[in-house]
Amino acid sequence: MKLIVMRHGEAEQWANSDAERQLTLRGQKDNTQVLAALLARHSPSLLCASPFVRAQQTAQRCSEMCKQPIITSSLLVPDAPIHSTLDWLRHVLEEQQTVMLVSHMPLVGELLGWLLGTDGEPLGTSEVRVVTMDVVEYGCAMAEGRWIAAR
């Protein structure tokens with residue numbers, strides 16, 4: 001099984017709520033650059049994203065490039081309980097070979113840290129990590145690749 005974890009692109013500092021923050025122009029550009037490099041090597045069979053605007057905008061760009069619909073899940077918001085997200089992920093990965101998640105810190109860092117057996121794996125905006133695993137258990141994943149925007 002392969003899991004592609006992407007943090008949304010750079011977002012505006014202020015909005016009516018955290019969930020409403022939109023991508024900046026730089027965030028949009030960085031997403032396109034990173035996704036082009038990533039999708040040249042990996043093809044997600046399922047694309048899942050947080051309902052927050054910046055994650056949806058990031059996932060929309062990915063959807064356009066990889067021709068996959070977006071599945072929105074509240075288990076991908078920044079403060080989602082990691083064990084609930086892991087339970088959901090176990091179920092999803094039983095049916096899909098390559099799953100891509102577009103989400104936020106701290107969730108993406110905690111999720112990757114748990115899978116890799118580390119204290120945490122912080123991701124910058126528009127950063128992507130790819131891990132492979134046979135089962136979704138603590139420390140069972142192996143890091144396969146990392147993509148970041150050139151600045």
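Just so it is clear, the model here is predicted, and its values are computed rather than measured. We use all heavy atoms of the structure for the numbers below, so side chains are in, but hydrogens, waters and symmetry mates are not.
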Give the intermediate values and the outcome of side chain to side chain contact (heavy atoms under 4.5 Å, CB included) for residues L111 and L101. CA-CA 11 Å; L111 180 63; L101 307 179; 3.7 Å; yes

Might you work through the side chain to side chain contact (heavy atoms under 4.5 Å, CB included) test for R7 and H104, ending with a clear yes or no? CA-CA 5 Å; R7 183 176 176 199; H104 316 263; 5.7 Å; no

Let's go through S63 and Q60 carefully: what are the C-alpha distance in whole Å and the side-chain angles of both, what is the deciding distance for side-chain hydrogen bond (donor to acceptor under 3.5 Å, both in side chains) to 0.1 Å, and is it a yes or a no? CA-CA 5 Å; S63 175; Q60 182 59 44; 4.6 Å; no

For the pair E12 and T24, evaluate side-chain hydrogen bond (donor to acceptor under 3.5 Å, both in side chains) and give the outcome as yes or no after the intermediate values. CA-CA 6 Å; E12 61 190 6; T24 63; over 6 Å; no

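The one candidate from L86, D87, L3 that meets the side-chain contact (heavy atoms from CB on, under 4.5 Å) condition with V136 is L86. Tested against S126, the residues T58, D30, N31 include a single side-chain hydrogen bond (donor to acceptor under 3.5 Å, both in side chains) partner, N31.
Residues R90 and E137 are paired through a salt bridge, judged by an N-O separation under 4.0 Å between the basic side chain and the carboxylate.
Checking side-chain atoms of T125 against main-chain N and O of H8 turns up no donor-acceptor pair under 3.5 Å. Checking side-chain atoms of Q33 against main-chain N and O of A150 turns up a donor-acceptor pair under 3.5 Å. The backbone N or O of A15 lies less than 3.5 Å from no partner atom in the side chain of R21, so there is not a single donor-acceptor pair. Looking at Q57, its side chain does come within 3.5 Å of a backbone N or O of L23 through a donor-acceptor pair.
Residues P78 and D18 share a closest heavy-atom pair of CG-OD2, 4.3 Å. Nearest approach of L76 to L107, heavy atoms of both residues: CA-CD2, 3.6 Å.
Counting only heavy atoms from C-beta outward, the side chains of W114 and E121 never approach each other to under 4.5 Å. Y138 places none of its side-chain heavy atoms less than 4.5 Å from the side chain of L115. For the pair D134/C140, no side-chain contact is recorded, criterion being any heavy-atom separation below 4.5 Å from C-beta on. In this structure, the side chains of E144 and R129 stay at 4.5 Å or more apart for every pair of heavy atoms.
Between the NZ atom of K2 and the CE atom of M133 there is a distance of 10.5 Å, given to the nearest 0.5 Å. Here Q28 contributes atom CD and R54 contributes atom CZ; the two are 14.5 Å apart, rounded to the nearest 0.5 Å.
Cluster partners of V130 are I4, M6, V34, L35, L38, L39, L47, M65, I70, M100, V102, V128, W147, counting Ile, Leu, Val, Met, Phe, Trp and Tyr whose side-chain heavy atoms approach within less than 4.5 Å, directly or via other members. By the 4.5 Å side-chain criterion applied to Ile, Leu, Val, Met, Phe, Trp and Tyr, V77 is assigned to a cluster that also includes F52.
Between the side chains of R61 and T32, a donor-acceptor pair is found at a separation under 3.5 Å.
Counting non-hydrogen atoms of other residues, nucleotides and ligands closer than 6.0 Å to CD of Q97 gives a total of 12 or fewer.
Under the 4.5 Å side-chain heavy-atom criterion for ILVMFWY residues, no single connected hydrophobic cluster contains both V108 and I148. Side-chain heavy atoms closer than 4.5 Å link hydrophobic residues (I, L, V, M, F, W, Y) into clusters, and following such links, even through other members, never connects M142 to L112.
Residue pairs meeting the side chain to side chain donor-acceptor pair (under 3.5 Å) criterion with at least one partner in residues 65-76, sequence neighbours excluded, are Q56-T72.
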